[in-house]
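Below is one structure, written out as structure tokens, with a few remarks after it.
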Amino acid sequence: MNAVQSDRENSDLEDSGREKIEDPNTSSEMVSADAEPNSVSHDQDPKPKEAEESLNPLQVISSVFAAGLGVQSSKNRERDFQRGRAGTFIFAGLLFTALFIGTVYTVVSMVLSSR
């Protein structure tokens, strides 16, 4: 096989998304069909634009409410840890807890007083 034919074959393999693998047991070459075309290296993970932004108040409130009820999604939890500040969530969590206890106390008081 000459160099021009080898270069043309490598170019054809790259276009099809396959890669050439040399078999160490023989001097023949195999083609892998499971190589992904235009695959991005995991070393160069571009940061999403939203990772640099902080959470808005509505996102914090909804995250605290969902976490307080035990229905927080893992996607939102990861977003909160990446973009949120601990102090904001601590304050919002304490406020949510106080409002929850106050609501339960008020409802129980109203039910018991109507007897």
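Below, each value reflects all heavy atoms present in this structure, side chains not excepted, and no hydrogens, waters or symmetry copies.
Remark: Phe96 CZ is packed, more than 12 non-hydrogen atoms of other residues, nucleotides or ligands lying under 6.0 Å away.
Under a hydrophobic clustering in which Ile, Leu, Val, Met, Phe, Trp and Tyr are joined whenever their side-chain heavy atoms come within less than 4.5 Å, directly or via other members, Phe81 and Ile90 fall into different clusters. Cluster membership check: Ile101 does not share its hydrophobic cluster with Leu94, using side-chain heavy-atom separations under 4.5 Å among Ile, Leu, Val, Met, Phe, Trp and Tyr. Hydrophobic clustering places Val71 together with Phe65 (ILVMFWY residues linked when any side-chain heavy atoms are closer than 4.5 Å, directly or through intermediates). Under the 4.5 Å side-chain heavy-atom criterion for grouping Ile, Leu, Val, Met, Phe, Trp and Tyr, Val104 is not connected to Leu69 through any hydrophobic cluster.
If you take OG1 on Thr88 and CD1 on Ile61, they are separated by 11.5 Å, rounding to the nearest 0.5 Å. Note: Glu78 CD to Ser73 OG = 9.0 Å, rounded to the nearest 0.5 Å. To the nearest 0.5 Å, atom CG of residue Leu95 and atom CG of residue Leu99 are 4.5 Å apart.
Between Arg83 and Gln59 the shortest heavy-atom distance is NH2-OE1, 3.7 Å. For the pair Gly84 and Phe89, the tightest heavy-atom approach, listed with the atom from each and the gap, is CA-CE1, 3.8 Å. The nearest pair of heavy atoms linking Thr106 to Gly102 is OG1-O, 2.8 Å. Taking all atoms of both residues into account, the shortest heavy-atom contact from Ser63 to Arg79 is OG-NH2, 2.9 Å.
Between the side chain of Ser114 and the backbone N or O of Val111, at least one donor-acceptor pair lies under 3.5 Å.
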